[in-house]
J.: 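Please see the structure below; I have some questions.
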Amino acid sequence: MNKGNIVEIDFNSKEGREIYRHSTSHIMAHAVKEMFPEAKLAIGPATDEGFYYDFDIDRPFMPEDIAAIEKKMAGIIKKNNAFVRKTLHKKDAIQLFKKKGEVYKVELLEDIPDEEVTIYEENGFVDLCRGPHVPSTGAIKAFKLLSIAGAYWRGSEKNKMLQRIYGTAFSNEKDLKDYLDFLEEVKKRDHRKLGRELDLFSVSEEIGPGLILWHPDGALIRKTIEDFWRDEHLKADYKLLYSPHIAKLNLWQKSGHLDFYRENMYSPMEIEGIEYELKPMNCPFHISVYKSSLRSYREFPIRYAELGTVYRYERSGVLHGLLRVRGFTQDDAHIFCREDQIEDEILNILDFTLFILKTFGFESYDIYLSTQPEKYVGTSENWERATAALKQALDKKGLSYRIDPGEGVFYGPKIDIKIKDSLNRSWQCSTIQVDFNNPERFDITYRGSDGKDHKPIMIHRALMGSLERFFGVLIEHYAGIFPLWLAPVQVEILTIADRHSDYAIKAAEILKAEGIRVRVNIENEKIGHKIREATIRKVPYSVIIGDKEIAENRLTVRKRSGENIGPFTIEEFFKVIKKEVDGKQ
RNA sequence: GCCGGGGUAGCUCAGUGGUAGAGCAGCUGAUUCGUAAUCAGCAGGUCGUGGGUUCAACCCCCAUCCCCGGCUCCA
């Protein structure tokens, strides 16, 4: 964009939104400076969802301040001040901001290589800024400040912590309202809230932070997921393993985890004079199984899978419900193969992953290919060949992906799949990683067709990532309204009066014998009450038993949506739900 | 870990130094009822934990644990 030119840009474009929100962040900074002249300005960019501005100020911002700042901003917008762009020499700009005491701006300026910089002025408020901006403050039609948070200067915890105010802006009130409604919806779906309401899991202060207790209904869902996972892995020619939760510290020395992963590992415990360590990874155990006998190229690829529970130290501030915990179960697998088998294996894994994810209703993804980082093991040729194989596989599948340069793990390149949930939010779950490190460190080999020993390639992969995180994502994805095959209680039988109890219990037994998860409510309550309770617990089907049903030997069936289906004989009803369960709809 | 906010009954939340409250859930009883809450009664708290100030602390001070929103980091 040429300097000083006015170009029309639409809010619907990414650039347009950024300019608009960036301008709003300037207006916020202006308001803050008017109210707190001692506040020093740091940075104030637009984000995907809105904008923020960081301030260095002794007095913390209070929630009440937010409303006052909003009011002030509204005033600035009403005045419709023009944003005036000025170009000046860097020295002069440094001079200007030094005089104003804006030390952060000076620091930013000193890092700008250009001789000329631009500043924007709006009714006396001056800010260093590349721009562009909206022509005047009156262009901002709808905005809202959302939250206050701490944030390190330049994102480094070595620097001073500043105070950040988050906000968002839209081109009209309706879009703003829609966005705020979206935030409400997100709050309603919060897996921690639903987890308590539906009695799925809890975290207890007594047990410890980041350690999950799966309650009966949550455990039932987990079991259903695990059964599905195991069945499909066996079908896909994986072999299932179980391994212990602790192992000798030496093992972790050998694997290199102690060098590369120490800060995420717990302190060792001593058993009969030997130190043991809680496992942060499953790989060394699978390698041990591999090494338990001589391997031939004929066996390849060897695929070991395990729902392996690992423990990792996470800093207290990062723990978050099921999404970030200290003990979790990975749906882990390690594949041993020859280098020329990598591509086929990756293709297999991609198919398998997408199939599993699709079963849970995730049909859109962001895929990332991470390449060689600065610190790495293995040879550059290894990395190149493996990265090419990953690329090739993605291309063959016609999957679009982005390359994350240098973001691979130290031991190999990887593919990460981020799933998009029903609110279009991204979650990192699946990961496929090539590992050059472990075969080397554990000196694993296979006997090739030439009768000599060779080093296999090891691929590490997790589809759901961790059961805990995946479950958290699932809860939010479905808003707690699990599809029938996952629902902990699939059918609840409700009676109108006491005299219907025997019939209800008999019906329940028939369904239960067919493998349906059924609960009977013969409590002394009105039917409206029972329906309300079943609906709140999001039970897919309520079956109502009264005089009419017994007389006709038919079931009245109400779906959790409120829709009535039937009446059915019990056999007819069973067929209906059986079909739905089998279809995993 | 860092910045800010918070922790009162199982849950949601009132309670500004002077005898701890409500709704829902729970229990008991009555009621036997047709598509999202029947009525009545009862019970339930070391006010996160430990220390301090005070005649007196849920309330003020200090420490600590945990939770929430972010930062940083990750499955």
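Chain naming here is simple, since letters A, B, ... match the order of the sequence lines and numbering starts at 1 in each.
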J.: Under the side-chain hydrogen bond (donor to acceptor under 3.5 Å, both in side chains) test against A:R154, which residue among A:N159, A:D54, A:D111 passes?
T.: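 Result for side-chain hydrogen bond (donor to acceptor under 3.5 Å, both in side chains) with A:R154: A:D111.
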
J.: Using a cutoff of under 3.5 Å, can you pull out all pairs of nitrogen or oxygen atoms linking the protein to nucleotides 43-48 of chain B, with atom names and distances?
T.:
none

J.: Under 4.0 angstrom, heavy atoms only, what part of the nucleic acid is A:G528 near: base, sugar-phosphate, or nothing?
T.: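 If one applies the 4.0 Å heavy-atom cut-off, A:G528 turns out to touch the sugar-phosphate alone, with no base involved.
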
J.: With sequence neighbours excluded, give me every side chain to side chain donor-acceptor pair (under 3.5 Å) pair touching residues 194-214 of chain A.
T.: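 Only A:K193-A:E197, A:D199-A:H215, A:S202-A:H215 qualify under side chain to side chain donor-acceptor pair (under 3.5 Å).
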
J.: Between A:R59 and A:E38 (salt bridge meaning N to carboxylate O under 4.0 Å), is one present in this structure?
T.: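 So A:R59 does not pair with A:E38 through a salt bridge.
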
J.: Are A:F61 and A:F55 close enough that their ring centres sit under 6.0 Å apart?
T.: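 Yes - the distance between ring centres of A:F61 and A:F55 falls below the 6.0 Å cut-off.
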
J.: Contact class for A:E549 (heavy atom, under 4.0 Å): base, sugar-phosphate, or nothing?
T.: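 Base, at least one base atom sits under 4.0 Å.
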
J.: Once salt bridge (charged side-chain N to carboxylate O under 4.0 Å, His left out) is applied, do any residues pair with A:K33, and if so which ones, sequence neighbours excluded?
T.: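 Partners of A:K33 under the salt bridge (charged side-chain N to carboxylate O under 4.0 Å, His left out) test: A:E102.
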
J.: At their closest point, which heavy atom of A:F285 faces which heavy atom of A:M281, and how far apart are they?
T.: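 Closest approach of A:F285 to A:M281, heavy atoms only: CE1-O, 3.7 Å.
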
J.: Compare the minimum distances between each of B:rG34, B:rA36, B:rU35 and the side chain of A:N564, then state the nucleotide with the smallest one.
T.: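 So the nucleotide nearest the side chain must be B:rU35.
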
J.: Between B:rG1, B:rA37, B:rC67, which nucleotide gets closest to the side-chain atoms of A:R532?
T.: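 Between B:rG1, B:rA37, B:rC67, the one nearest the side chain of A:R532 would be B:rA37.
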
J.: Please encode protein proximity along nucleotides 59-64 of chain B as a string of B, S and -, counting only heavy-atom distances under 4.0 Å.
T.: ------

J.: Given B:rG34, B:rU38, B:rU32, identify the nucleotide with an atom nearest to the side chain of A:E525.
T.: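 Per side-chain heavy atoms of A:E525, the pick is B:rU38.
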
J.: So, do A:H22 and A:F51 have ring centers that fall under 6.0 Å from each other?
T.: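 No.
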
J.: Can you give one letter per nucleotide of nucleotides 69-75 of chain B, going 5' to 3': B for a protein heavy atom under 4.0 Å from the base, S for sugar-phosphate only, - for none?
T.: BBBBBBB

J.: Can you give me the dot-bracket string for RNA chain B, 5' to 3', counting Watson-Crick and G-U wobble pairs with both distances under 3.5 Å, using [ ] for crossing pairs and | for partners on another strand?
T.: (((((((..((((....[..)))).(((((.......))))).....(((((..]....))))))))))))....

